[in-house]
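A short worksheet on the structure shown next.
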Amino acid sequence: MHNKAVADFLVVENTQLNSTNFLIKLKGEKDLPKLYPGQFVNVDIKGLNDVFLRRPFSIFEVNYTENTLSLIVKILGKGSKKLTEIKKDETCNIVFPLGNRFTIPNKGEKILLIGGGSGVAPMLFLAKVCGLDANSVNLLLGARTKEDHIDATNYSKYGKLNFASEDGSLGEKGFVTQHSVFLNLKLYDRIYACGPDAMMKAIAKEAKAANVFCEVSLENLMACGFGVCLCCIEPTTDGNKTVCKNGPVFNINDLKW
Amino acid sequence: MHNKAVADFLVVENTQLNSTNFLIKLKGEKDLPKLYPGQFVNVDIKGLNDVFLRRPFSIFEVNYTENTLSLIVKILGKGSKKLTEIKKDETCNIVFPLGNRFTIPNKGEKILLIGGGSGVAPMLFLAKVCGLDANSVNLLLGARTKEDHIDATNYSKYGKLNFASEDGSLGEKGFVTQHSVFLNLKLYDRIYACGPDAMMKAIAKEAKAANVFCEVSLENLMACGFGVCLCCIEPTTDGNKTVCKNGPVFNINDLKW
Amino acid sequence: MVDLKVKIADLELKNPVMTASGTSGFAEELMDFYDVSQLGAVLLKGTTLKNRDGNEYPRMAETASGMLNAVGLQNKGIDYFIENIYPRIKDYDTPLIVNVNGSTVEEYIEVTEKVNELDKIPAIELNISCPNVKEGGMAFGVTCPGAEMVTKEVRKAYDKTLIVKLSPNVTDITDIAKAVEGQGADSVSLVNTFLGMAIDAEKRIPLLSTITGGLSGPAIKPIALRMVWQVYNAVKIPVIGIGGIMNATDAIEFMLAGATAIQVGTAIFKDPFAPVKIIEGINDYLKRHNIQRVSDLTGALQL
Amino acid sequence: MVDLKVKIADLELKNPVMTASGTSGFAEELMDFYDVSQLGAVLLKGTTLKNRDGNEYPRMAETASGMLNAVGLQNKGIDYFIENIYPRIKDYDTPLIVNVNGSTVEEYIEVTEKVNELDKIPAIELNISCPNVKEGGMAFGVTCPGAEMVTKEVRKAYDKTLIVKLSPNVTDITDIAKAVEGQGADSVSLVNTFLGMAIDAEKRIPLLSTITGGLSGPAIKPIALRMVWQVYNAVKIPVIGIGGIMNATDAIEFMLAGATAIQVGTAIFKDPFAPVKIIEGINDYLKRHNIQRVSDLTGALQL
Ligand SMILES: Cc1cc2nc3c(=O)[nH]c(=O)nc-3n(C[C@H](O)[C@H](O)[C@H](O)COP(=O)(O)OP(=O)(O)OC[C@H]3O[C@@H](n4cnc5c(N)ncnc54)[C@H](O)[C@@H]3O)c2cc1C
Ligand SMILES: Cc1cc2nc3c(=O)[nH]c(=O)nc-3n(C[C@H](O)[C@H](O)[C@H](O)COP(=O)(O)OP(=O)(O)OC[C@H]3O[C@@H](n4cnc5c(N)ncnc54)[C@H](O)[C@@H]3O)c2cc1C
Ligand SMILES: Cc1cc2nc3c(=O)[nH]c(=O)nc-3n(C[C@H](O)[C@H](O)[C@H](O)COP(=O)(O)O)c2cc1C
Ligand SMILES: Cc1cc2nc3c(=O)[nH]c(=O)nc-3n(C[C@H](O)[C@H](O)[C@H](O)COP(=O)(O)O)c2cc1C
Ligand code: FES
Ligand code: FES
């Protein structure tokens, strides 16, 4: 029943990962509930006259022992920028946990996880949670340049790391959909993706053609984040669904793409 | 002509003076113009959703060598509270110098300066600027309790210090208008006062009765601070005048009290 | 102990704090956070006769101290509500009020008739003020004849408490309030959203798919408060105040201006607990000011 | 170089950025900060036939992203203006526009006739939308017959550019805009302030001496922008956009929505340099987007 909360978290870390991405680790006062890849939190951005609503960020890492959760925050506009300026020991108020979650794959399945930009956050979380043999997991991370990539070396124990960059400065040159691990999608039992809309659509198109199970996590403009305002809709075969509550994870077969 | 400015100042000091008052010292980039007792600055309070307009504060001290000006800020509501939380090395945007000024007394005149609460700020500034023999200046500072008084010992070189407190914990017990130096106003050539409205009215009444020159500095709600909005009016014998531009200093004979 | 109970015609509320329609779903979403039985009432999402997909994305734009929405009454229709949602929520221990919408008078009547049959719905709020739909909606709410007509017909079809929700997009809201009072409305709630617009200057496009949308949030509070005060002075039926209420102080201001109860809308998006905190805050205020009954606040502004 | 010039009927402006009436005094106060000749135009403080003391203190209340004012047209009357203020300011190198007010049509006419004689005043703005005075003011601005009547009479008395300033406190602002256009207005400026109210919950009193006042600032921007867009699509005369413009982006949004020029009001209180910064910001935008003439922005919203 009362499975969601609003709470002040303590900022225990704020590390700049690269030119535009920050890792923000938040410690809860009460014990965290179990959190799942795909879920997000809605953050109150304080101290700006022109930011009124909260801002949604995916859960990237959870540590139940420390009672912390981490976000990867990319500077996009005024709210995200302000959030990256938050300091250790300040409080950060979040609404959580929000959204549905990715379907956890079955043992033995071969999976491809694709993250673009700050969309890597839920993908790395998912890789960790899957609990699969690293050999059966391909992680494909895409960004514009090497600079924009987040260091994911720690995640090689959860899957094979592959990189794509538009300028070829890290991994293969081009979009993720041009990467060699993306060439034959029939190799995978499941594909999961999170990233910019255009990327999600390109992936969905290929996954559909290859008839492979594929879940994508969508981003759009939210007012409430928990399903009451109906602002964040995505058209589906079953009508308009909320990205914040019915999503953010959708099976591509349910989308009208 | 262009004798007013809007500028970012650097906070070089923020010292808590007592339970509710803070001394904030601001350093300008450009050379300060000559500033006069009675003038004020209008401060942009950053980082609050519910504070939209600037907040006016009297100039308390000026140091042309350091290029600094200081304010005494008393916590009254949300904006003043936030301002007292400003940190050294942060910037503070002010519009300045605003308002008219106290009439500087002539050599040899006997004067009484009365400051109540944060109204001590312009009084101490005036005491310093007068350049009179300390023997001819009586400074009367009033507050609720000793705790609420600001340490003014440094100012004894500019005049004789007298204190009034409602509970008798510092100086004489009672309001400033009950203080012994206030008993015979005929002793003074000029009386200057700054403080809460009720105090100003009580002083004005006695000064009028004694027929002594008296200037009071008024506080009221301001939107612009430089005379364009006509929100901050005080009725005078010559019609409604703006406290921010025609004031804040008024000769009591011009007021409709 | 202070008495928080208020009455909207025959409808008794535990306290004057309701949630606004379209900002609290069908109460279930709030149940994810806390027990809605604490609330004075819950206004359910605007309901029409048939399924409505609502408007296209984007439906939301943030503005200074507010937001624009262009949801456009997305809902699955009254029958779906009755069959699928009502059974799940009907036993919540707080009055559930259906927000009734239509493109035509007939549609309003049909929805009302169906709601009239629902035991556990003690009141309806007639929405003649939605700025986000092409037909009906606000059109009825901005002229006296329009407002009169639909109120009159719905009144005939409804036995329980009839609240009419007014549009602020009018020259004189007291005219509309008096018109619906004259046709038997038990209460008026105001305001719905203001018609507004937002533009992306860089891309030179509107930020909403519908170009214009409804403005809500603290930005509108001063106007809403003025309207509540005007309407309170113009009608005899209880007034429900809505518009930018974020905290207990805001709620109390609306009551002082004349509201018998208030609705919390956009504030819920920032903090789902806002209505609960507002109840607590009102309680504290009454204690601090030594006021026995919250109803004593209604219209208690000293002029 | 980009071309910032715009035309309001026969009135040529260096750039589209004016200051709004009542927020920039008689231009002299801005001269304390910078040379007003940089500005597109300066709208002078609302002027009436006779001296007006305005309303009692308190006249101002801060609200979320805005403020309420209840100044009530304090001014020394048109004769005082002509004798004492006009000589001091008439040679400022920017169009000075008198904001004409009255309680009766006759008063509007008399003020207009006197202003008509002033060589250095190239235009007037007819204020039929002030919410802060008991008679006249907004009363003329909220009905078509009222707006028509006063516009018609003033038009007869005035040879130069006649701008009519519209009230947002109406059901359909396009009706009023069309009505004044029909009576010969050269341009419409909108919006004036929204009628609002603020209360001190602790003291249970209104925060303004007049109970209600006019709301301005960013809070109203979305509504003002919508109205400008509607009016732009309804009339042929140039539209001047006003309401919560704080920066160049806001100004550009109003132009995209259909404004030929804009006025900066409340923003001046926060930063007297706001109009100057807005001019710079528009200039940068045009360069960045490779747009030659600022006038190309007017109505350039892509739907
Ligand atoms: C479910 C979900 C999970 C997310 N997870 C992450 C994450 O883990 N890390 C991360 O960095 N970001 C994430 N985002 C995106 C993040 O919420 C936005 O970057 C942030 O809200 C932007 O706020 P801002 O104030 O910086 O931008 P603003 O200044 O408000 O806007 C800047 C520009 O970006 C556009 N914009 C803003 N938010 C969105 C959006 N959600 N969709 C489309 N356009 C938008 C605006 O329209 C505007 O043009 C997520 C979004 C969603 C919905
Ligand atoms: C010319 C001038 C000089 C001043 N000099 C000083 C100074 O040197 N030191 C200092 O501490 N303060 C000074 N003040 C007062 C100071 O401006 C206010 O305390 C401050 O603006 C309050 O802001 P706030 O956001 O804290 O209060 P808010 O939260 O906005 O308001 C709190 C309460 O105080 C009332 N209030 C706020 N400001 C005023 C006011 N100016 N007059 C009457 N009631 C008010 C409000 O109506 C409200 O009830 C001066 C004021 C003026 C006009
Ligand atoms: C996203 C959203 C959806 C809304 N949907 C409805 C609705 O379906 N029916 C209705 O009468 N009002 C609807 N409203 C208006 C609110 O109930 C309320 O009148 C308005 O938002 C003003 O209050 P607020 O400022 O507290 O939000 C909606 C408002 C928002 C923000
Ligand atoms: C303090 C104040 C005084 C005003 N006086 C006048 C006036 O005399 N005449 C007039 O037409 N408008 C007057 N206005 C309205 C402004 O010109 C402008 O239309 C309104 O404030 C909206 O713009 P803004 O949000 O940029 O301030 C006044 C506004 C304020 C805030
Ligand atoms: S953001 Fe409100 S329903 Fe999704
Ligand atoms: S505050 Fe605007 S005139 Fe004084």
Side-chain angles (χ1 to χ4, degrees), chain A residues 1-8 33 39 41-46 48-56 77-80 93-100 197 218-247 255-256, chain C residues 19-36 42 44-46 51-76 80 207-209 213 216-219 246 265-274 276-277:
Chain A
M1 179 139 323
H2 310 325
N3 55 1
K4 290 177 187 160
V6 184
D8 275 339
Q39 289 184 323
V41 303
N42 214 357
V43 181
D44 186 17
I45 313 280
K46 292 195 195 87
L48 287 178
N49 287 317
D50 51 355
V51 167
F52 173 62
L53 297 165
R54 288 173 184 263
R55 298 290 191 264
K78 45 194 191 285
S80 50
N93 188 277
I94 63 173
V95 180
F96 77 106
L98 300 174
N100 64 356
D197 231 47
L218 305 182
E219 287 188 8
N220 75 9
L221 291 171
M222 297 185 172
C224 72
F226 58 96
V228 291
C229 77
L230 308 186
C231 286
C232 65
I233 48 108
E234 177 66 34
T236 73
T237 52
D238 186 28
N240 283 334
K241 296 277 185 189
T242 60
V243 170
C244 72
K245 192 164 177 172
N246 304 131
L255 296 173
K256 290 198 154 176
Chain C
T19 61
S21 179
T23 66
S24 41
F26 288 98
E28 295 176 297
E29 297 84 352
L30 291 179
M31 274 296 205
D32 287 346
F33 294 93
Y34 53 82
D35 190 347
V36 295
V42 175
L44 307 176
K45 173 65 196 161
N51 175 76
R52 276 183 67 96
D53 287 338
N55 296 316
E56 269 173 44
Y57 182 86
R59 292 180 173 184
M60 195 277 286
E62 194 179 40
T63 67
S65 298
M67 62 173 277
L68 289 163
N69 89 79
V71 170
L73 289 173
Q74 174 180 333
N75 80 102
K76 293 195 187 283
Y80 181 92
L207 281 172
L208 297 175
S209 67
S216 63
M246 299 300 279
T266 305
I268 293 175
F269 305 163
K270 280 223 78 167
D271 183 358
F273 285 90
V276 178
K277 290 182 184 161

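Sequence lines set the chain letters: A, B, ... in the order given, protein chains first and strands last, and positions in each chain run from 1. What you are looking at is a predicted structure, and each value in this text was computed from that prediction instead of being measured.
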[atom2] on [Y] to [atom1] on [X], rounded to 0.5 Å:
{"X": "C/Asp32", "Y": "A/Lys245", "atom1": "CG", "atom2": "NZ", "answer": "4.0 Å"}
{"X": "A/His2", "Y": "C/Tyr34", "atom1": "NE2", "atom2": "OH", "answer": "10.0 Å"}
{"X": "C/Lys270", "Y": "A/Asn42", "atom1": "NZ", "atom2": "CG", "answer": "10.0 Å"}
{"X": "C/Leu207", "Y": "A/Leu221", "atom1": "CG", "atom2": "CG", "answer": "8.5 Å"}
{"X": "C/Met67", "Y": "A/Cys229", "atom1": "CE", "atom2": "SG", "answer": "5.5 Å"}
{"X": "C/Tyr57", "Y": "A/Asn220", "atom1": "OH", "atom2": "CG", "answer": "3.5 Å"}

Check your understanding: Does a salt bridge link C/Glu62 with A/Arg55, judged by any charged N lying under 4.0 Å from a carboxylate O?
Key -> yes
Practice item. Compute the ring centroids of A/Phe226 and C/Phe269, then answer whether they are less than 6.0 Å apart. Key: no
Study note, to complete from the structure: So, the part of C/Asn51 with a heavy atom under 4.5 Å from chain A: the answer is neither
Study note, to complete from the structure: Looking only at A/Ala223, A/Gly225, A/Ala5, most heavy-atom pairs under 4.5 Å shared with chain C are made by A/Ala223
Practice item. Taking all heavy atoms of C/Asn69 and all of A/Cys231, pick out the closest pair and write down the distance. Key: CB-SG, 4.3 Å
Study note, to complete from the structure: In terms of heavy-atom contacts, C/Thr23 and A/Val228 come closest through O-CG2, 3.4 Å
Check your understanding: Does C/Arg59 reach the side chain of A/Asn240, with side-chain heavy atoms less than 4.5 Å apart?
Key -> yes
Point to revise | Contact class of A/Asp44 relative to chain C, heavy atoms under 4.5 angstrom | key: side chain
